[in-house]
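Start at 1 and go down the list; that is how both ligands and their atoms are numbered. Model, not experiment: these values are computed from the prediction.
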Amino acid sequence: MLKFEQADRVKNLPPYLFARIEKLIAEKREQGVDVISLGIGDPDLPTPDHIIEELKKEAENPANHQYPSSVGMLSYRQAVAEFYKKRFSVDLDPKSEVVTLIGSKEGIAHISWCYLNPGDVVLVPDPGYPVYAGGAILAGAETYTMKLKEENGFKPKYEDIPTDIAKKAKMMFINYPNNPTGAVVDVKFFEETVAFAKEHNILVCHDNAYSEIAFEGYRPPSFLEAKGAKEVGIEFGSVSKPYNMTGWRIGWAVGHPEVVDALGRLKSNVDSGQFQAIQYAAIKGLTGPQDALQNNIAIYDERRKIVVEGLRELGWKVDPPKATFYVWVPVPKGFTSASFAEYVIEKTGVVITPGNGYGESGEGYFRISLTIPTERLKEAFRRMKESLGKVEF
Ligand SMILES: *Cc1c(COP(=O)(O)O)cnc(C)c1O
């Protein structure tokens, strides 16, 4: 066996922080414990039938068996533009301001390759979706973390970013509704973001993966609703979360035409776009009946209530999240994120996600995901009530 030295960009990727808890889960399962995971942020409900039917139909058409366009079919990009018009009153040119992605994660990772040279600075939220920093590290860039603090509504405070860092920064990632905190923002925050970006010449990448998963009539805005947003950045989005299509791998980036073009050029050198039958299916998702989405939201809403009420009975003071399928909760007194997650799995066989897995500022929190069957969620809280007792802060 030859030994090969890995490239620095791979060696520099952060350690996988969930390895220890995964080992514990495996041990518990071996002992015969019926482990309930509240850790996974992946819809448990199936993709709606009309979307699956479209895939089946288009899979049989030989025209779809050849290489697709790396930027996506125009009809798919038109469907995305129509969705933006209808949902956010945002105008997009489907030819120059929309690019199809193999899941938004693909574009989030690749945008760093488009704009960051080794040593360049990128601002990333902490806690945050790990791909923002991961993609930047693969591009050899330096990450500066913007701390998302509870007292600031889990929003970055741009005035706290040192001027020399802001001046050096080339790009930034933000994400609202937010994974993992469930925090939401209004268009005013996006306008502040545009102003900050213009002042320091920073490319803004907003991740709007959860725009459609919201409760009590709340409608999360698009970054592109902010005046001037298209001049400073792009927004990522995806059918993954609204239509239970995480396995299908299709999303988009929209906004600043030169940035959209750069992503397309990079993609033409890396992949050749997504299977057209999947693009057709995603069009059906975006333009077809939305009752399955409404049904999803109703189910997450019920689960959200189970979680919030369950936590309150255990002694927590939690507000229900307005959007996303996550509940972000402080750990009790005397625990770290990791020690509490380990304690809960030991005592109850229930898996929660330790907050430090999303960055240093996630320390002291854990995340509960609403993407498990309602009965299992109820069972998890029955066990916690039985075995944990009242928590203290
Ligand atoms: C789930 C998720 C995505 C979406 O990923 P896809 O690649 O489109 O499936 C993007 N950002 C965040 C924060 C997510 O949680």
Side-chain angles (χ1 to χ4, degrees), residues 18 38-47 51 72 76 79-80 83 98-112 123-136 145-146 148 154-156 172-185 204-214 220 222-223 233-255 263 267 270-271 273-275 278-279 281-283 285-286 293 296 300 321 323-328 353 355 357-359 361-362 367-372:
F18 302 121
L38 309 183
I40 301 154
D42 187 351
D44 57 307
L45 303 156
T47 307
I51 298 175
Y76 172 77
V80 172
F83 166 72
V98 184
V99 61
T100 311
L101 298 172
I102 306 177
S104 57
K105 184 178 187 177
E106 180 253 307
I108 291 167
H110 279 152
I111 191 68
S112 287
L123 308 176
V124 297
D126 170 18
Y129 185 54
V131 187
Y132 310 135
T145 53
M146 302 185 286
L148 308 187
F154 297 110
K155 287 181 286 192
M172 68 186 289
F173 288 99
I174 47 172
N175 160 227
Y176 295 97
N178 184 261
N179 176 11
T181 68
V184 298
V185 295
V204 178
C205 300
H206 179 245
D207 178 357
N208 210 354
Y210 293 94
S211 68
E212 304 314 294
I213 312 294
S222 162
F223 172 63
I234 56 168
E235 179 161 271
F236 292 100
S238 158
V239 295
S240 285
K241 306 293 157 64
Y243 307 111
N244 309 328
M245 292 176 74
T246 49
W248 297 56
R249 312 312 304 132
I250 180 157
W252 60 78
V254 296
L263 258 179
K267 284 175 59 57
V270 175
D271 55 65
Q274 181 53 285
F275 182 30
I278 289 179
Q279 297 185 55
I283 294 171
L286 288 169
L293 170 58
N296 275 357
Y300 293 141
T324 76
F325 41 56
Y326 304 113
V327 186
W328 183 247
T353 314
Y358 301 96
S361 300
R367 194 190 77 176
I368 288 178
S369 173
L370 306 177
T371 52
I372 68 153

Novice: Quick one: are Val239 and Ile51 in side-chain contact, heavy atoms under 4.5 Å?
Specialist: no

Novice: Begin with the C-alpha distance, continue with both residues' side-chain angles, and end with the deciding distance and a verdict on side-chain contact (heavy atoms from CB on, under 4.5 Å) for Asn208 and Ser222.
Specialist: CA-CA 7 Å; Asn208 210 354; Ser222 162; 4.2 Å; yes

Novice: Identify the closest protein heavy atom to atom 15 (O) of ligand 1: which residue and atom is it, and at what distance?
Specialist: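 For this ligand atom, the closest protein heavy atom is Tyr210 OH, 2.7 Å.
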
Novice: Hey, can you tell me if His206 and Phe223 have their rings parallel, tilted or perpendicular (30° and 60° cut-offs)?
Specialist: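 Judged by the thresholds at 30° and 60°, the geometry between His206 and Phe223 is tilted.
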
Novice: Ser238 versus ligand 1: do any nitrogen or oxygen atoms come within less than 3.5 Å of each other?
Specialist: yes

Novice: Grab the two heavy atoms, one from Tyr300 and one from Ile213, that are nearest each other, plus how far apart they are.
Specialist: CD1-CG2, 4.0 Å

Novice: Output the list of atoms in ligand 1 that are nearer than 4.0 Å to some heavy atom of Lys105, sorted by atom number.
Specialist: 6 (P), 7 (O)

Novice: Could you point out which residue of Asp126, Leu123, Asp207 forms a side chain to side chain contact (heavy atoms under 4.5 Å, CB included) with Tyr132?
Specialist: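 Of all the options given, the one that passes is Asp207.
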
Novice: Mind checking whether Ala209 contacts ligand 1 via backbone (N, CA, C, O), side chain (CB onward), both or neither, at a 4.0 Å heavy-atom cut-off?
Specialist: side chain

Novice: Using a heavy-atom cut-off of under 4.0 Å, does the side chain or the backbone of Thr246 touch ligand 1, or both, or neither?
Specialist: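 Thr246 to ligand 1: no contact under 4.0 Å from either part.
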
Novice: What is the minimum heavy-atom distance between Pro180 and Tyr326, and which atoms define it?
Specialist: O-CB, 3.8 Å

Novice: Take the angle between the ring planes of Tyr210 and Phe325 and call it parallel below 30°, perpendicular above 60°, tilted in between.
Specialist: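 Perpendicular.
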
Novice: For Val131, which part has a heavy atom under 4.0 Å from ligand 1: side chain, backbone, both, or neither?
Specialist: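 No part of Val131 is near ligand 1 at this cut-off.
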
Novice: What atoms of ligand 1 come within less than 4.0 Å of a heavy atom belonging to Asn175?
Specialist: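 Heavy-atom distances to Asn175 below 4.0 Å select 13 (C).
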
Novice: If you take all heavy atoms of Leu148 and Pro127, which pair is closest and at what distance?
Specialist: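 So the minimum-distance heavy-atom pair works out to CD1-O, 3.4 Å.
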
Novice: Should the proximity of Arg249 to ligand 1, defined as any heavy atom under 4.0 Å, be assigned to the side chain, the backbone, both, or neither?
Specialist: side chain

Novice: Taking N or O atoms only and a 3.5 Å limit, does Tyr132 qualify as a polar contact for ligand 1?
Specialist: no

Novice: Applying a strict 4.0 Å limit to heavy atoms, is Phe236 in contact with ligand 1?
Specialist: no

Novice: Considering only non-hydrogen protein atoms, determine which one is nearest to atom 11 (N) of ligand 1 and report residue, atom name and distance to 0.1 Å.
Specialist: Asp207 OD2, 2.5 Å

Novice: Which atoms of ligand 1 sit under 4.0 Å from any heavy atom of Gly103?
Specialist: 7 (O), 8 (O)

Novice: For atom 2 (C) of ligand 1, find the nearest protein heavy atom and state the residue, atom name and distance (0.1 Å precision).
Specialist: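 The closest one turns out to be Lys241 NZ, 2.5 Å.
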
Novice: Would Ser240 count as a contact of ligand 1 if the rule is a heavy atom under 4.0 Å away?
Specialist: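 Checking ligand 1 against Ser240, which is what was asked, there is a heavy-atom contact under 4.0 Å.
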
Novice: Tell me, with the steps shown, if Trp248 and Gln274 meet side-chain contact (heavy atoms from CB on, under 4.5 Å).
Specialist: CA-CA 10 Å; Trp248 297 56; Gln274 181 53 285; over 6 Å; no

Novice: Could you find the nearest protein heavy atom to atom 5 (O) of ligand 1 and give me its residue, atom name and distance?
Specialist: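 Minimum-distance protein heavy atom for atom 5 (O) of ligand 1 reads Ser104 OG, 3.4 Å.
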
Novice: Would you call Glu106-Lys267 a salt bridge at under 4.0 Å N-O?
Specialist: yes

